[in-house]
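Just so you know, ligand 1 is whichever comes first in the structure, and atom 1 is the first atom listed for that ligand. Computed from heavy atoms alone, side chains included, the values below leave out hydrogens, waters and symmetry copies.
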Amino acid sequence: MARKIVVTGGAGFIGSNFVRYILEGYDDVDVTVLDKLTYAGNLDNLKEVENHPRYTFVHGDICDESTVNEVLKGSDCVLNFAAETHVDRSIGDPASFIMTDVYGTYVLLEATRKLGIPRFIQISTDEVYGDAGDEPSDEESPLMPRSPYAASKAGGDRLAYSYFTTYGTPVVITRCSNNYGPNQHPEKLIPLFLTNAMDDKPMPVYGSGVNTRDWIYVLDHVKALEAIMNSGGLEGEVFNIGSGTELSILDVAGGILTVLDKPESLLKRVTDRPGHVMRHAVKTDKIRSVLGWKAEVDFETGLRMTAEWYRKNRWWWEKIKSGQFEEYYRKMYPELESK
Ligand code: NAD
Ligand code: DAU
């Protein structure tokens with residue numbers, strides 16, 4: 001019998017990569033996407049699968065109890081990707097983050113508990129740790145979120161854990177590092193810098209640019225989630241996911257300039273992000289030993305593949321970068337306007 005999985009936030013970046021990967025690789029998994037289609041949700045990301053016989057799309061909000069109950073009924077696994085995800089937007093307007101990332105997670109957990117769904121995967125983030133300091137964070141490191149986004153995700157993460165400890169709800173929590181790859185919204189660093197550089201526009205570096213992140217190609221993250229979805233047990237467990245490739249913003253920007261053969265003069269220093277985390281880095285010994293998963297795509301290859309995707313799919317990002325995004329961009333980067 002086919003397994004039925006529910007993917008919330010499946011019209012976003014990682015969710016859509018996950019959905020396409022699962023529908024392509026399995027003939028016994030039915031996928032239902034539940035997505036509110038916020039500014040970050042995009043049905044173009046799911047165009048390839050829109051007529052797939054094992055795919056259903058439901059336009060709805062994870063905060064809406066009746067929709068959630070209806071969609072989750074009879075499912076074997078829920079993967080909660082749905083979230084407000086951009087740190088900068090959370091600084092300007094935290095309310096939607098608290099609503100979706102905390103309350104929405106609660107609505108999903110409550111339905112999971114009541115309906116007796118056998119697996120709930122909460123896609124958390126390494127942002128919950130805050131600054132990694134001298135040592136990469138492991139799953140036992142304290143949670144010290146530094147932005148309203150990170151704090152909301154920490155709320156969802158711990159709420160999911162509490163459903164396991166209190167009610168025995170079969171929850172698994174993942175904390176991945178910075179993803180990059182096809183279909184990432186151009187508000188985020190790598191697609192913003194790639195698409196700006198392709199048009200010879202400035203690449204805005206916050207502050208010193210020496211902050212580091214662990215960069216993982218999106219399909220490596222997808223495969224880690226696949227391994228968790230397919231394994232039994234693991235209830236109440238937390239898994240870090242990362243590539244081990246820690247690079248600064250200036251390193252990443254340099255890589256982009258090389259791949260696109262563009263001049264360094266495109267780099268423009270702008271005011272730093274408040275609460276900016278200097279270092280996100282995670283230890284991944286646990287997922288490697290328990291599930292035998294490890295990241296496979298090296299950064300140079302991943303960046304070339306990503307640049308190639310954005311080069312070939314101008315139609316996709318030009319649509320996003322026009323309209324609403326222009327206003328966001330003007331407000332977010334006033335220093336670029338005056339130059
Ligand atoms: P994204 O912003 O590209 O997509 C988020 C999706 O969620 C969109 O399709 C949006 O419409 C949907 N959504 C938002 N609010 C909703 C609501 N109330 N109800 C239903 N749908 C809603 O995000 P992403 O980068 O693909 O991230 C997906 C998940 O992975 C998030 O939970 C994020 O916190 C987590 N994560 C992301 C990264 C990363 O580097 N991008 C790393 C670690 C963890
Ligand atoms: O660590 C996982 C997190 O990675 C996810 O949970 C978030 O959803 C995802 O957005 C991402 O958060 P970051 O804040 O790390 O990603 P962002 O692409 O916004 O920024 C990456 C780094 O680049 C960060 O140090 C800020 C810097 N930056 C970003 C932008 C958009 C710039 O210097 N200039 C920019 O214009």
Side-chain angles (χ1 to χ4, degrees), residues 7-18 33-43 45-46 58-64 67-68 71 79-91 96-97 99-101 103-105 107-108 122-129 145-147 149-150 152-153 156-157 174-181 183-193 196 202-216 218 221 225 240-242 247-250 252-253 267-270 272-273 275-282 329 332-333 336:
V7 178
T8 70
F13 162 47
I14 307 172
S16 64
N17 274 281
F18 181 82
V33 169
L34 171 61
D35 199 295
K36 186 180 174 183
L37 297 179
T38 65
Y39 79 92
N42 186 348
L43 286 178
N45 297 347
L46 295 165
V58 178
H59 184 195
D61 190 332
I62 61 164
C63 300
D64 175 1
T67 304
V68 164
V71 172
L79 296 107
N80 181 26
F81 292 89
E84 290 292 339
T85 62
H86 194 33
V87 171
D88 293 323
R89 291 190 195 249
S90 82
I91 293 167
S96 59
F97 288 75
M99 196 60 191
T100 290
D101 302 6
Y103 182 77
T105 303
V107 173
L108 290 168
Q122 172 64 9
I123 320 292
S124 187
T125 166
D126 69 352
E127 293 266 350
V128 298
Y129 295 119
R146 289 178 59 86
S147 67
Y149 162 68
S152 305
K153 290 295 291 187
D157 177 315
T174 64
R175 297 180 185 150
C176 190
S177 62
N178 283 62
N179 287 226
Y180 66 97
N183 304 97
Q184 187 170 28
H185 193 286
E187 67 189 356
K188 306 284 164 58
L189 180 82
I190 289 186
L192 179 69
F193 278 22
N196 277 11
M203 299 152 81
V205 176
Y206 299 162
S208 65
V210 299
N211 310 55
T212 63
R213 297 288 184 270
D214 172 300
W215 300 95
I216 185 170
V218 64
H221 183 189
L225 296 173
N240 283 346
I241 301 169
L247 296 171
S248 72
I249 309 320
L250 291 176
V252 171
L267 297 183
K268 295 278 183 270
R269 305 288 170 140
V270 297
D272 206 354
R273 172 188 278 176
H276 201 169
V277 172
M278 281 307 293
R279 181 185 194 204
H280 278 310
V282 285
Y329 194 80
M332 184 65 216
Y333 302 101
L336 298 183

Next item on the list: Could you label the plane-to-plane angle of the Phe18 and Phe81 rings as parallel, tilted or perpendicular, counting under 30° as parallel and over 60° as perpendicular?
Entry: tilted
Notebook entry, point to check: Can you check side chain to side chain contact (heavy atoms under 4.5 Å, CB included) on Asp64 and Val107, steps first, answer last?
Noted result: CA-CA 7 Å; Asp64 175 1; Val107 173; over 6 Å; no
Next item on the list: Any atoms of ligand 1 less than 4.0 Å from a non-hydrogen atom of Asn178? List them with their elements.
Entry: 40 (O)
Margin query: Is there a side-chain contact between Tyr149 and Thr125 in this structure, where contact means two heavy atoms from C-beta onward sitting under 4.5 Å apart?
Written below: yes
Notebook entry, point to check: Which residue from Val58, Ile62, Asn45, Thr38 reaches closest to atom 19 (N) of ligand 1 through any of its heavy atoms?
Noted result: Ile62
Notebook entry, point to check: Who's closest to atom 17 (C) of ligand 1 heavy-atom-wise, of Leu37, Asp61, Asn183?
Noted result: Asp61
Next item on the list: Mark yes or no: Arg213 above the aromatic ring of Tyr180, with NZ or CZ under 6.0 Å from the six-membered ring centre and no more than 45 degrees from the axis.
Entry: no
Margin query: Run Ser177 and Asp126 through side-chain hydrogen bond (donor to acceptor under 3.5 Å, both in side chains) and show every step you take.
Written below: CA-CA 5 Å; Ser177 62; Asp126 69 352; 4.8 Å; no
Check: What is the nearest protein non-hydrogen atom to atom 32 (O) of ligand 1, stated with its residue, atom name and distance?
Finding: Lys153 NZ, 2.7 Å
Check: Under the ring-ring contact (aromatic ring centres under 6.0 Å, His included) test, which residues partner His86, sequence neighbours left out?
Finding: none
Next item on the list: Considering only non-hydrogen protein atoms, determine which one is nearest to atom 23 (O) of ligand 1 and report residue, atom name and distance to 0.1 Å.
Entry: Thr85 CG2, 3.2 Å
Item checked: Atom pair CG (Leu34) and NE2 (His59), whose distance is rounded to the nearest 0.5 Å -> 9.5 Å
Item checked: Under-4.0 Å salt bridge between Lys153 and Asp101 -> no
Notebook entry, point to check: Which residue supplies the protein heavy atom nearest to atom 44 (C) of ligand 1, what is that atom called, and how far is it?
Noted result: Ser124 O, 3.1 Å
Notebook entry, point to check: Which of the atoms in ligand 1, numbered in the order shown and given with their element, are less than 4.0 Å from a heavy-atom of Gly9?
Noted result: 6 (C), 7 (O), 9 (O), 12 (C)
Notebook entry, point to check: Looking at atom 9 (O) of ligand 1, what's its closest protein heavy atom, distance included?
Noted result: Asp35 OD2, 2.6 Å
Checklist line | Subset of ligand 1 atoms that lie under 4.0 Å from at least one heavy atom of Gly60 | finding: 19 (N), 20 (C)
Notebook entry, point to check: Which of the numbered atoms in ligand 1 are below 4.0 angstrom from a heavy atom of Cys176?
Noted result: 42 (C), 43 (C)
Check: Applying a heavy-atom distance cut-off of 4.0 Å, which protein residues contact ligand 2?
Finding: Thr85, His86, Val87, Thr125, Asp126, Glu127, Tyr149, Cys176, Ser177, Asn178, Glu187, Lys188, Leu189, Leu192, Pro204, Val205, Tyr206, Arg213, Ile249, Arg273, His276, Tyr333
Notebook entry, point to check: Ala83 heavy atoms, cut-off 4.0 Å: which ligand 1 atoms fall inside?
Noted result: 5 (C), 7 (O), 14 (C), 31 (C), 32 (O)
Next item on the list: Would you mind listing which atoms of ligand 1 come within a distance below 4.0 Å of any non-hydrogen atom of Ala82?
Entry: 7 (O), 20 (C), 21 (N), 22 (C)
Next item on the list: Look at atom 20 (C) of ligand 1 and say which protein heavy atom is nearest, naming residue and atom and giving the distance to 0.1 Å.
Entry: Lys36 N, 3.2 Å
Margin query: Can you name the atoms of ligand 1, numbered from 1 with element, that are less than 4.0 Å from a heavy atom of Ala11?
Written below: 9 (O)
Next item on the list: Quick one: look up the protein heavy atom nearest atom 34 (O) of ligand 1 and list residue, atom name and how far away it is.
Entry: Tyr149 OH, 2.7 Å
Note to self: If the cut-off is 4.0 Å to any non-hydrogen atom of Ser177, which atoms of ligand 1 fall inside it?
What the structure shows: 40 (O), 42 (C), 43 (C)
Check: For atom 31 (C) of ligand 1, what's the nearest protein heavy atom and its distance?
Finding: Phe81 O, 3.2 Å
Notebook entry, point to check: Any idea which protein heavy atom is nearest atom 37 (C) of ligand 1, and the distance to it?
Noted result: Ile14 CD1, 3.4 Å
